[in-house]
Amino acid sequence: MARRGHRPSQTQGNRPRFWGRHAVTAALANPERVVRKMWGTREALSTLDIPSSLPVVFAEAPDLGRLVPNDAPHQGLVAEVDPLEEIWLGDLLAQGEGDRRPLIVLDQVTDPHNVGAIMRSAAAFDALGIVTQDRHAPPESGVLARSASGALEVVPWVRVVNLARALDEIGEAGFWRIGLTGHASATLGEQLGETRPAIVLGAEGEGMRQNTEAHCDQLARLPISGKVESLNVSNAAAIALYAVAARG
C-alpha cells in the first residue's frame, strides 16, 4: 500500500546554520541530526561534548556575528547542519496509536518565529507532532531553530503536499479535527470533550482557508475578550494545547 501524506525530499543548496546554545546543543544531542561543522568561542565550546570527528573552528564573537543574519544573538555558538530526514504522516500517526497526544496542523503559517514558538509549545505539552504544507511553511533555519529553543530536534514535523488529503488521513486515524477560528460559535472547551484532537490553525492574518475548514470536524474559538480582535497564532496554539492537557 502506498504511503500518503508524506513530506517530499527537499533540495537545499545551502545547509542551514543554527545559532544559540539551546538550538546548537539540541542539534548535537539529536542522533537523527547530522552536524557538519561548528564555530564557537573557546569559552562556549569548552562546555560542550563535541565528537572528535566534527570540524570545529575557534572564533571571536564578532566573527561569529558575520556567520549569522543581522548579527543574531549566537551566544558564542554556530553550527552548520543537514536538514532532518523526511517524516511520513502515516508513520507519525502510527507512533501515536493507543495514546491521546494531540496533533497540531498549520495551514500556511509561514513565519519561522511562529512555527518555532509553536514547536516549543508542542514539546512542552507533549504533542504528537506538527503537520504543515510543504510549499507554504518555512524551511529549517537558524531563526526557526532559535525560536523553537531545541524543540525542532524533538517534535516530529511532517510536511505534506496536500493539506486537505492529510486532514482526511488524520481523521481516518481517529483524530477529531478542530479548526480554530474567531467566527465559530462554540468555544474550544465546549468542543474538546473526550476527543483526541488535531488542532488546526490558519495563517497569520488570513486564518484558515475555506477548504481547510471544510475538512475539519468542528470549528471552535478561544474565549478571548472583545478588547483584542485575535491572538497571534503561536499564542493561540499554546492556549489550545494547554486546554487539551488541562482536561486531565
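All heavy atoms count here, side chains included; hydrogens, waters and symmetry mates do not.
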Determine whether [X] and [Y] make a side-chain contact, defined as any pair of heavy atoms from C-beta on separated by less than 4.5 Å.
| X | Y | answer |
| --- | --- | --- |
| Ile178 | Cys216 | no |
| Glu32 | Glu85 | no |
| Met38 | Leu28 | yes |
| Thr181 | Val200 | no |
| Leu128 | Pro156 | no |
| Glu213 | His183 | yes |
| Glu169 | Leu93 | yes |
| Trp157 | Met119 | yes |

What's the separation between atom [atom1] in [X] and atom [atom2] in [Y], rounded to the nearest 0.5 Å?
| X | Y | atom1 | atom2 | value |
| --- | --- | --- | --- | --- |
| Glu153 | Asn30 | CD | CG | 4.5 Å |
| Ser141 | His113 | OG | NE2 | 8.5 Å |
| Thr41 | Asp63 | OG1 | CG | 11.0 Å |
| Leu222 | Leu180 | CG | CG | 5.0 Å |
| Ile130 | Ile104 | CD1 | CD1 | 6.5 Å |
| Ile199 | Gln191 | CD1 | CD | 10.5 Å |

Could you list the residues that satisfy side chain to side chain contact (heavy atoms under 4.5 Å, CB included) with Asp49, not counting sequence neighbours? none
More than 12 foreign heavy atoms under 6.0 Å from NE2 of His22: is that the case here? no
Might you point out which heavy atoms bring [X] and [Y] nearest each other, and give the distance in Å?
| X | Y | value |
| --- | --- | --- |
| Gly76 | Ala44 | O-CB, 3.5 Å |
| Ala61 | His74 | O-NE2, 3.2 Å |
| Ala27 | Phe18 | CB-CD1, 4.2 Å |
| Leu103 | Gly129 | CD1-O, 3.4 Å |
| Ala238 | Ser121 | CB-OG, 3.4 Å |
| Thr187 | Glu190 | N-OE1, 2.9 Å |

Salt bridge or not for [X] and [Y], using N-O below 4.0 Å?
| X | Y | result |
| --- | --- | --- |
| Glu194 | Arg247 | no |
| Glu140 | Arg15 | no |
| Arg33 | Asp82 | no |
| Asp168 | Arg165 | no |

side-chain contact (heavy atoms from CB on, under 4.5 Å), that's the test. Do Leu45 and Phe58 meet it? Break it down for me. CA-CA 8 Å; Leu45 290 168; Phe58 293 98; 3.6 Å; yes
Show, in sequence, the C-alpha distance, side-chain angles and deciding distance for Leu152 and Val155, and conclude whether the side-chain contact (heavy atoms from CB on, under 4.5 Å) test is met. CA-CA 6 Å; Leu152 176 59; Val155 175; over 6 Å; no
Check whether [X] reaches the backbone of [Y] with its side chain - one donor and one acceptor, N or O, closer than 3.5 Å.
| X | Y | value |
| --- | --- | --- |
| Ser46 | Glu43 | yes |
| Asn162 | Ala164 | yes |
| Arg196 | Asp99 | yes |
| Gln75 | Arg21 | yes |
| Arg177 | Leu167 | yes |

Which other residues belong to the hydrophobic cluster containing Leu64, where Ile, Leu, Val, Met, Phe, Trp and Tyr are joined when side-chain heavy atoms lie under 4.5 Å apart, directly or via other members?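 So far as hydrophobic clustering goes, Leu64 is joined with Trp19, Trp39, Val57, Leu67, Val68, Val78, Val143.
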Can you hop from [X] to [Y] via hydrophobic side chains spaced under 4.5 Å?
| X | Y | result |
| --- | --- | --- |
| Val154 | Ile118 | yes |
| Val233 | Tyr242 | yes |
| Leu54 | Val34 | no |

Given the rule in the side-chain contact (heavy atoms from CB on, under 4.5 Å) test, do Leu231 and Ile224 qualify, once you have shown the distances and angles that lead to the verdict? CA-CA 8 Å; Leu231 290 173; Ile224 62 175; 3.8 Å; yes
Report the C-alpha distance between Leu77 and Leu48 in whole Å, list the side-chain angles of each, state the deciding distance to 0.1 Å, and finish with yes or no for side-chain contact (heavy atoms from CB on, under 4.5 Å). CA-CA 10 Å; Leu77 293 171; Leu48 301 182; 3.7 Å; yes
Would you please name every residue forming a side-chain hydrogen bond (donor to acceptor under 3.5 Å, both in side chains) with Thr212, sequence neighbours left out?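 For Thr212, the residues satisfying side-chain hydrogen bond (donor to acceptor under 3.5 Å, both in side chains) (neighbours in sequence not counted) are Asp107.
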